[in-house]
Amino acid sequence: MQLSPSQVIVLATPVFLLSIGIEAAWGRWRGRNTYRLNDAINSLSLGVLSQVSAVLTRLFRIGIYTAVFSWVSLWHADAFWTSLPGWLLALLFYDFCYYWLHRAGHEVAVFWAAHVVHHQSQDYNLSTALRQTSTGALLGWIFYLPMAVAGVPPLVFGVVALVDLLYQFWVHTEHVGKLGWFDRWFCSPSNHRVHHAVNDGYLDRNYGGVLIVWDRLFGSFTEEGEPCVYGTRAPLESWDPLWSNFEVYWALARDSWHARSWADKLRVWFKPPGWRPADVAQRFPKPAFSMAAVRRYHPPMTPALAWFACVQFVVLLAAALVFLWQADQAPVADLAVWLAVLAASLWAVGASMQGRMGMLDVLLVEAAALATATSVQGWVAAHQVFKPLALLLAIAVVATRSGWMRQQRAFDLKLSAALLLCLTGDVLLMRPGLFIPGLVAFLLAHLCYLALFRQGVRWFASRTALACTLGAAVAMYAALFPFLGPVLKGAVAAYALVIALMAAQAIGRATLLRDAASTAVAIGAVFFMLSDGLLAINRFAHPLPMAQFWVLATYYAAQVLIVRNARPVGPVALSGLRSMPEAAAVAS
């Protein structure tokens with residue numbers, strides 16, 4: 001039986017986990033524990049996300065490699081490359097290419113944006129080895145094209161790439177000291193500890209994957225001496241696996257946007273990491289790195305939350321392994337859907353570990369993701385469980401949050417009423433022939449949301465937003481009108497009007513309050529409009545590709561944003577509003 005790279009990773013996973021368990025136990029026994037639960041879960045989550053996303057990016061990477069191999073390779077000699085000398089030469093060739101990719105990952109900003117994920121942990125242990133990027137394949141393939149041009153077959157390339165990657169697992173440990181002659185030739189724990197350190201003398205050194213000889217040849221080798229301090233010089237300070245992958249891209253995009261010179265807008269991406277145009281550095285200064293100021297990011301977790309995060313991660317890991325084992329036989333669209341489910345769930349678990357999300361919120365996100373995926377897959381029985389479950393969990397989130405019996409009670413009652421009506425609409429729409437009753441339930445729900453967003457502010461504070469949402473509703477209705485029957489013409493018109501007013505009120509509220517929570521609610525209201533628009537187009541006008549995914553993904557994004565961020569305007573905020581000229585007519 002020929003195994004795919006994903007299946008090899010599945011079979012290797014128990015070995016990885018056993019090794020991690022042994023290292024953790026050994027460290028505790030010796031009184032030198034190198035593990036923290038939150039950091040380890042974050043690193044393993046990034047490893048899961050990397051392998052799951054690689055199922056899609058591998059098609060891109062191997063496709064380019066195979067095309068170059070087929071069209072421009074200089075030497076076709078498959079018999080040689082599949083002999084023992086050929087395999088060894090291919091591994092040596094790959095490790096040489098990897099050295100230059102790895103070096104570029106530290107010396108060129110856009111490559112660092114992908115590679116930084118592997119360095120963000122402030123711990124150094126075997127779980128750190130599994131902390132891998134999900135975006136590296138977007139540009140990393142460039143460095144391996146010489147192998148394709150030289151005629152190394154795609155199969156041989158894939159195998160030696162896996163061997164090189166698996167070798168690097170064991171060097172991520174503090175429990176193996178210097179190894180004498182081995183350290184002079186091979187990447188070893190001592191050599192690689194230097195690579196992960198932010199000490200001045202260790203920065204950007206020891207890039208080798210299997211061999212450290214490349215570093216000795218090209219002047220990038222440093223021997224381990226003083227104790228290593230791990231992490232990055234711009235600490236992540238988050239357990240969010242999605243932000244881990246995109247934080248540097250975002251920082252580069254922001255600097256590029258702010259740069260006045262067009263040349264600097266481009267240079268930002270290709271200069272060394274940390275380089276910033278002079279005008280950007282002056283207007284948006286960042287503190288200089290100081291070893292004395294390094295602090296370990298470690299938000300507290302209760303024992304209940306620690307157990308919850310562990311159980312959640314184990315379940316998600318099992319789901320990811322099933323995904324990887326079957327990935328080669330599944331359609332790309334299905335793979336993308338389940339990638340989204342796993343990414344959303346891992347994001348939620350990370351948010352809970354840093355105190356940004358409660359346990360019920362995590363379950364809400366997971367139920368919403370599963371409701372979306374089961375709808376796309378046509379798993380009717382499962383969908384009929386997860387779709388109402390998501391709204392029930394949303395109601396539970398509102399009912400259990402602080403302030404329920406005090407000043408927030410009236411506000412949360414309106415929010416709960418809106419969610420109950422949405423739940424009713426969800427159930428009705430799952431039954432054939434009940435579209436109109438379901439539409440009415442959602443119409444009433446949006447009226448509740450409209451009243452909710454009216455609390456503490458005046459009606460339609462942003463006339464621009466009102467004009468835009470009404471304009472969008474009119475355009476949508478005009479496009480749907482030829483496809484609607486007599487009854488639906490009136491029902492859809494009323495629905496479009498109410499949801500446009502609801503979105504306009506939410507946006508107007510955000511323009512007055514000017515805080516992150518009200519802005520998130522406004523974004524949620526816009527997502528509601530988008531979800532309903534996609535649903536109407538798909539149902540009445542033209543079938544849309546992946547319609548169920550986009551309709552439900554935007555619908556649940558709207559619900560989560562509103563449930564987690566909608567709050568009443570307190571006395572302090574009201575006082576501030578009344579002092580603003582544009583809010584002189586604030587309601588009581």
Once you round to the nearest 0.5 Å, how far does [atom1] of [X] lie from [atom2] of [Y]?
X	Y	atom1	atom2	value
W239	M353	CH2	CE	7.0 Å
S43	L130	OG	CG	8.0 Å
I499	L530	CD1	CG	9.5 Å
T372	F386	OG1	CZ	11.5 Å
L392	L360	CG	CG	11.5 Å
S4	Q329	OG	CD	7.5 Å

Going by side-chain hydrogen bond (donor to acceptor under 3.5 Å, both in side chains), N42 matches just one of Q120, R131, R36. Which one?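 Of all the options given, the one that passes is R131.
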Looking only at the aromatic ring of each residue, does the gap between the centers of [Y] and [X] stay below 6.0 angstrom?
X	Y	value
F453	H446	no
F143	Y98	no
Y477	Y495	no
Y144	Y65	no
W112	H119	yes

Work out which heavy atom in [X] is nearest to a heavy atom in [Y]; give both atom names and the distance.
X	Y	result
P299	N38	O-ND2, 3.7 Å
S45	L346	OG-CD2, 3.6 Å
N245	S134	OD1-N, 2.9 Å
A382	T374	CB-CG2, 3.7 Å
L561	V521	O-CG2, 4.3 Å
L364	A390	CD1-O, 3.1 Å

Should [X] and [Y] count as side-chain neighbours, where that means a heavy-atom distance under 4.5 Å?
X	Y	answer
D334	P331	yes
Y297	Q354	yes
K387	Y556	yes
V163	Y94	no
H383	L552	yes
T511	S462	yes
L339	L49	yes
L488	F483	no

Criterion side-chain hydrogen bond (donor to acceptor under 3.5 Å, both in side chains) on D123 and S121, from CA distance to verdict: CA-CA 5 Å; D123 296 339; S121 174; 4.9 Å; no
Take a 6.0 Å sphere around CH2 of W550 and say whether it holds more than 12 heavy atoms from other residues, nucleotides or ligands.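 Not buried by this count: 12 neighbours or fewer within 6.0 Å.
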Which is it for F442 and T424 under the side-chain contact (heavy atoms from CB on, under 4.5 Å) test, yes or no, and what are the steps along the way? CA-CA 8 Å; F442 276 109; T424 304; over 6 Å; no
With E366, the side-chain contact (heavy atoms from CB on, under 4.5 Å) member among L393, L389, V349, V341: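 That would be V349; it is the only one of L393, L389, V349, V341 passing the side-chain contact (heavy atoms from CB on, under 4.5 Å) with E366.
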Of the options I22, V15, I20, which is the one that meets L18 in a side-chain contact (heavy atoms from CB on, under 4.5 Å)?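 Per the side-chain contact (heavy atoms from CB on, under 4.5 Å) rule, the option paired with L18 is I22, out of I22, V15, I20.
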For F435, is the NZ or CZ atom of R539 found under 6.0 angstrom from the centre of its six-membered ring and inside 45 degrees of the ring axis?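 Checked: cation-pi criterion met.
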side-chain contact (heavy atoms from CB on, under 4.5 Å) evaluation trace for F157 with L162: CA-CA 9 Å; F157 169 76; L162 195 59; over 6 Å; no
Go through L421 and C448 one step at a time and tell me if the side-chain contact (heavy atoms from CB on, under 4.5 Å) criterion holds. CA-CA 9 Å; L421 286 164; C448 287; 3.8 Å; yes
Evaluate the ring planes of F169 and F16, with Trp represented by its six-membered ring, and classify them as parallel (under 30°), tilted (30 to 60°) or perpendicular (over 60°).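 Taking F16 first and then F169, their aromatic rings sit tilted (interplane angle of 30° to 60°).
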Determine, step by step, whether Y249 and T135 satisfy the side-chain hydrogen bond (donor to acceptor under 3.5 Å, both in side chains) criterion, reporting the C-alpha distance in whole Å, the side-chain angles of both residues, the deciding distance to 0.1 Å, and the verdict. CA-CA 10 Å; Y249 289 107; T135 65; 3.0 Å; yes
